[in-house]
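The structure is given below, and queries will be raised subsequently.
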Amino acid sequence: MRLASQSDRHLAAEHDLVQKAQGGDREAFSALIDRYWERLYRWLYHLSGNQHAAEDLTQEAFLKAFAKLASFRAGTNFRAWLFRIAYNGFLNQQRGEGKGRPLYAESLPADKQGPAEQAMSQETLKLVGRAMSRLPNDFRAAFLLRVEEELSFRQIAGVLCTTEETARWRVYKARQKLMEVLAPQLDLDKP
Amino acid sequence: MKCRAIQDELLLLADPGRPGDAVVAHLRDCAACRQWHSRLLQVEKGVSLLAIPGSTRRAQFLHQFLGAPAAPCADSRQPARVGTSFPAGMWRTVRRGWSAWQPGRSWAAAGAVAAAAFLLLLAGSLVRTTSPVAPVTTTVRVPTRDPFVAGLLECNLRLAEAESPHPRMEAVADLADRLYAQMRKILRGGEADDQHDLAKLYARVIKEGLLRNAKTIAPDQRLVVLEKISERVSQTGEDADSLVAEVADESVGALRLIATVSREAADQLRTLTGEPKAMNRLWPSPALVALSVMLTTGRELQAPQLEENPRAVLLLQRNRALILELVDGGIALASAEDALVRADFCSSLAARMAKEIGEAATGRDNSRITEMGDHLEALLKRGVAANLTVDRLGTNLGSVRENQIRRVSKEVKNLNELTKPLEVLLDGAAKSELGDLRRTLQSIHEAQQEVEMTVTRRNVR
């Protein structure tokens, strides 16, 4: 109940910011940038595998979002709308760079050592990063939207311009592929 | 069987951490599935623990967005602030745009006008605000790294490395694909002249790079090498045809040129491979192909929608001359059987990159320096040094060819003259900038040394 009301407050504040930004208030839009920059950048980094590309795409997505803000329908999900713009940018970039997979700089293992990190060895985290990088882009995109952004399958479908069923199926395939690669390793890690 | 079904159900859940009652009951009784489930949760947790390099541009972007005092962009004599404004070279292009308009100079003038128009539009959209903040003077940074240039260079490098028809033809087909993809990017919001020029370059690559060299392939190899390429070319033609209805009238000509050239080329390639022409054979429709791919791999084939891409338009303006050289280089490399000739072509391209570095250093455009530095290094290592090795060239070449090798080696040494402004810049660079620039210069020197060592090793042998 408390969580729900927090989430409601968050959405109401966001709605307010979007409305103000639609009225031309740059401070309000900059608050939205502040709120979503890191999350969008992280997602794009995982997709592109390249820091510069991810920063370029993040920047471009916000610029496009600001330019198209009038077309955003109040009451719909701003985050999903923003991620959709970013994904289109990513697809265009991919097409421009050819059909080959981008050179993927592997994710770095976590440098914090909280209980969760201690439960997983650095080596295993490296393997997770490597396995993630080998997923097809559309599987990885859907999976991260579910796991990190906690978007619903319907919202993921909206971001990736596909159907809800396809979004669910992509997340399923991503999990399946990761488990194929990682489950044996995790068994070895078992204390 | 039951376990498999349970595991599938867990994989399909929005949150595998909150399974339904039936799954919970199974997990209670089945140790193997319980362990599998805990692994699945661990994997998802592991993904969110992955650290990535931090973003460095948010504060800067926000600062610009909120209309902080403008960088001194209007004055191209001022050094461009790294990452905070357009590079000086780009501003010069924009400023020259209006006065440069002359018939016969449509490439340069139309491009510069388009860039200026885009900047005005962008400024307009940012200035429209209710708050009385100082007007923004378009200081939004356009990323200087151009993926299109990098892609064309990669095709050139693959052509420089290719020692048989198959990889060579694949690289030429990729070169054509990249040109078409770029044209697609600027179909909305780009200048018609730019679209036509890209279409013409595409046609040249197909005719002079692909078809001309396809004819030199031994008949018994043609089917293997050319079959898939002819399908790709044919698909490009179909895609271009299908877009004609979606674009402005002035863009139709460019698309039609691509469609016609692709159709004719696909037919000629099929003739070379001994297959019937498209009209006479039953090709599966694109929809059928997409459906079968989706059914077998679960992936959807979906051409990206046409969208305005101001970044691509601007970068095209900026890198036009370089693009032309890379396409010319690609066509030339496609028919260069001789490794020494390929090394020679790459050394010319390397000189072009070195010149770009010199100009960027003069304009204090640090990100451009590192971009071109990477390209130069790749050209020297993969294009020049690799083609001068004994493995590729053999030994006892005779005095004429040995002289050619020495000339190429000398040209590589002379690149230092072209990159001299970078060394001058390093003398006066701020401490924070030194690292990247020094690394770039160091990489260039190492690549030059690699060429020199390759030549020395030949002589020792």
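First the proteins, then the strands, lettered A, B, ... as listed; each starts at 1. No experiment lies behind these values; they were computed from the predicted model shown.
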Any donor-acceptor N/O pair, B/E44 side chain to A/V147 backbone, under 3.5 Å: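 A pair under 3.5 Å: no.
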
Separation of A/L63 CG from B/F61 CZ (nearest 0.5 Å):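 Output value for this atom pair is 4.0 Å.
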
Contact class of A/E148 relative to chain B, heavy atoms under 4.5 angstrom: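 Side chain only.
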
Gap between atom CG of B/D15 and atom OG of A/S152 - 0.5 Å precision: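 The OG atom of A/S152 sits 13.0 Å away from the CG atom of B/D15.
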
Chain A contacts, top residue of B/A150, B/S48, B/C155, B/S55 (heavy-atom pairs, under 4.5 Å):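 Looking at each of B/A150, B/S48, B/C155, B/S55 in turn, B/S55 comes out on top.
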
Minimum-distance pair of heavy atoms, taken over all atoms of A/H52 and B/R57: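 Between these two residues, the closest heavy atoms are O-NH2, 4.0 Å.
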
Segment of B/L179 engaging chain A (4.5 angstrom heavy-atom cut-off):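 Interface part for B/L179: neither.
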
B/L12 side chain near A/W169 side chain, heavy-atom distance below 4.5 Å: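 They are not in side-chain contact.
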
Euclidean distance, A/Y41 OH relative to B/I52 CD1, rounded to 0.5 Å: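 One finds 5.0 Å between CD1 of B/I52 and OH of A/Y41.
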
Part of B/S38 lying under 4.5 Å from any heavy atom of chain A: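 The answer is neither part of B/S38.
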
Non-hydrogen atoms of A/Q176 and B/D8 that approach each other most closely: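 Scanning both residues, the minimum pair turns out to be NE2-OD1, 4.5 Å.
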
Toward chain B, the part of A/L127 with a non-hydrogen atom under 4.5 Å: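 Contact with chain B: none, neither part.
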
Side-chain touch A/R42/B/L50, heavy atoms, less than 4.5 angstrom: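 The answer is yes, as the side chains (C-beta and beyond) meet within the 4.5 Å cut-off.
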
B/K228, NZ atom: more than 12 neighbouring heavy atoms under 6.0 Å: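 Open: at most 12 neighbouring heavy atoms sit under 6.0 Å from NZ of B/K228.
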
Under 4.5 Å from any heavy atom of chain B - which part of A/Q51: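 When you check distances to chain B, only side chain atoms of A/Q51 fall under 4.5 Å.
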
Nearest-0.5 Å distance that lies between atom CZ in B/R58 and atom CD in A/Q59: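 Between B/R58 CZ and A/Q59 CD, I get 13.5 Å after rounding to 0.5 Å.
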
Test side-chain contact (heavy atoms from CB on, under 4.5 Å) applied to A/M179 and B/V43, step by step: CA-CA 8 Å; A/M179 283 297 281; B/V43 167; 3.9 Å; yes

Those residues that, when tested against A/A13, pass side-chain contact (heavy atoms from CB on, under 4.5 Å) (two or more places apart):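 With neighbours one apart ignored, the set is A/R35.
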
Contacting region of A/R146 [heavy-atom separation from chain B under 4.5 Å]: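 Looking at A/R146, just its side chain touches chain B.
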
Atom of B/G46, atom of A/V128 and distance for their closest heavy-atom approach: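 Taking every non-hydrogen atom into account, C-CG1, 4.1 Å.
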
side-chain contact (heavy atoms from CB on, under 4.5 Å) between A/F143 and B/V47, intermediate numbers included: CA-CA 10 Å; A/F143 178 67; B/V47 169; 3.7 Å; yes

With sequence neighbours excluded, residues passing salt bridge (charged side-chain N to carboxylate O under 4.0 Å, His left out) with A/E149: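 Only A/R39, A/R79 meet the salt bridge (charged side-chain N to carboxylate O under 4.0 Å, His left out) criterion with A/E149.
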
For the student: nearest non-hydrogen atoms of A/R175 and B/L11, plus distance: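 In terms of heavy atoms, the two residues are closest at NH1-O, 2.7 Å.
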
Straight-line distance of A/L178 CG to B/R39 CZ, nearest 0.5 Å: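 Nearest 0.5 Å value for the CG-CZ distance: 15.0 Å.
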
Neighbour count above 12 (heavy atom, 6.0 Å) for B/R34 CZ: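 It does: B/R34 CZ has more than 12 such atoms within range.
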
